[in-house]
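Structure first, then comments.
By convention in this document, chain letters (A, B, ...) are assigned in the order of the sequence lines, proteins followed by strands, and residues within each chain are numbered from 1.
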2 protein chains.
Amino acid sequence: MKTSSQNHSVEKDSFEKPILTVDVAYLSIRGGELEILTIKRDKAPHEGELALPGGYVHCDEDEDLSETARRVIAEKTQLEPDYIEQVETIASRSRDPRGWTATVLFMALVSDSKRGEDDKLGKDCQWVALGGLKRKSLAFDHGELLSKVKERLVAKSRYTSIPLYLLPKEFTLSEAQKYFEITTQSTLEKKSFRRRLLDADIIEETGEQTKTGKRKAALYRNKNDSNVHFFPRMIG
Amino acid sequence: MKTSSQNHSVEKDSFEKPILTVDVAYLSIRGGELEILTIKRDKAPHEGELALPGGYVHCDEDEDLSETARRVIAEKTQLEPDYIEQVETIASRSRDPRGWTATVLFMALVSDSKRGEDDKLGKDCQWVALGGLKRKSLAFDHGELLSKVKERLVAKSRYTSIPLYLLPKEFTLSEAQKYFEITTQSTLEKKSFRRRLLDADIIEETGEQTKTGKRKAALYRNKNDSNVHFFPRMIG
DNA sequence: TAAATAGTGTCTTTAAGACAATATCTC
DNA sequence: GAGATATTGTCTTAAAGACACTATTTA
């Protein structure tokens, strides 16, 4: 076993400190498709390209990393996420031309209705449909970061209730199914889906019905506000 | 929206860089109990207390964070883990008396037989049973880090095959069950457990039988070396 | 032969999948 | 009433749980 460098993590030492940042994939569903909040970079490198909102960890302001994530979002839009989750920390020499960097990647979700209320984004901010991103591509390795977040979202949508965070405050079961189909990237069976969602006891009828569409449908709302439900099995 | 600090993650700036470290909870099963590799600290703060192996990210040596994790383990023992997984990145002002620090937490597992071959640890290293740790307690917030790793291990042992990484190269189904019971912290039903493991097609009979014990038992070995299997449902 | 552990048979239960049938709404 | 969508009924299937039973080994 080597005898050098046996210090524990935080001994004062002379190593070059890596740059630590937080990047957030902030997702929403609009027009039947997942969209992501992008920032147009105004300086090199990758000037003019789209990037995920992100920024340095501010040791003086941020108590922890989720605060950093919330802050970097708040610097770009007043639209606060309904859900936020740390996904992975990615680091390497090659991911940024300016040197060894580490970024803590977060996934954030906001409900359709909440986003509806607020569309006052800065001019450098833009919601972009994931489908359209294939050609545009993102700055740095943000395409890969987005892939990781997508993977996490698809996986967790199969056994948790997190797609509910993307739905408007009031929704029909058909809409809920559509949203789960988008996030799981699969088509779901109607009866199974409804049974599963209702048996979980996580939504409740508002008593109201929709007016639009070919036929009225019962409206539901989220019940266990703020709690992610874990279903006993996967769907889809 | 604020207009200050709108830089993307990695603009050159004057913020105090936080300290970035990696800590590893290196687990093994011995004597029917989970054990963790601890390091006795030889300097302040927390001198003399037990801590997880960890260390700075070395921008010059480490290509990515899992390399850092492997390196900090290698600095303490030649025993290479059979499995390694990034768990979470924890950061805050308060977790270390010397300032704002961030640590990327890893879980590492090593098989019983591999650990058997090598017990040449440095004198500051020691495998400690998790049960006995309650009174000793760990330095810094390493007790909390360990809790997070335990939680991850318990959860993933219910729907993946990762406890197989803790078993010796050759094992009986009863031993496998015992190991899964330890990692899931529950008692399992014999028939269900065997059916599940055999149907998954991830282990195979060696053809040999045990000699010890009250009765001979068939020996099995891992089949899909290096692949984690995801079971269709949870157990326990 | 008794005790203990290994291994099997099989019925039940849970929750998802398939798919048809019915209900209600709008035009 | 036709077409569309919402809602329900019910049979099937996959995989875990319960639990008793048989088999093999050692003392």
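Closest-nucleotide positions on DNA chain C for B:Arg233 and B:Arg215 were compared, and the one nearer the 5' end corresponds to B:Arg215. Between B:Gln209 and A:Lys191, the residue anchored nearer the 5' end of DNA chain D, judged by the nucleotide with its closest heavy atom, is A:Lys191.
A:Arg195 comes within 4.0 angstrom of a nucleotide base, judged by non-hydrogen atoms across all strands.
Distance, A:Phe193 CZ to D:dT7 P: 12 Å, rounded to whole Å. When rounded to the nearest whole Å, the span between CG of B:Leu188 and C1' of D:dA18 equals 14 Å. Here the C1' atom of nucleotide C:dT13 and the CG atom of A:Asp199 are 15 Å apart, to the nearest Å. Atom-to-atom, CD1 of A:Ile203 to C1' of D:dT7 comes out at 14 Å; the value is rounded to the nearest Å. In this structure, the CD atom of B:Glu189 is 12 Å from the C1' atom of C:dG7, given to the nearest Å. Going from atom NZ of B:Lys214 over to atom P of C:dG7 covers 16 Å, rounded to whole Å. Rounded to an integer number of Å, the gap from CG of B:Leu197 to P of D:dA15 is 15 Å. Rounding to whole angstrom units, CZ of residue A:Arg194 and P of C:dA16 are separated by 15 Å.
Stacking of B:Arg196 on the aromatic ring of B:Phe231 is recorded, both the 6.0 Å distance cut-off and the 45° axial limit being met.
Between B:Asp62 and B:Arg70 there is no salt bridge, since none of the side-chain N atoms of the basic residue sits less than 4.0 Å from a carboxylate O of the acidic one.
By the 6.0 Å contact criterion, NZ on B:Lys156 is enclosed, its count of non-hydrogen atoms from other residues, nucleotides or ligands being greater than 12. The environment of CD in B:Glu151 is sparse: at most 12 heavy-atom neighbours from other residues, nucleotides or ligands sit within 6.0 Å.
Proximity of A:Arg196 to the phosphate of C:dA16: a side-chain N or O atom is located under 4.0 Å from OP1 or OP2. The shortest distance between the side-chain N/O atoms of B:Ser174 and the OP1/OP2 oxygens of C:dT5 is not below 4.0 Å.
The closest side-chain donor-acceptor pair between B:Thr206 and B:Arg221, if any, does not fall under 3.5 angstrom.
Here the side chain of B:Ile235 is nearest to one of C:dG7, D:dG17, D:dT7, namely D:dG17.
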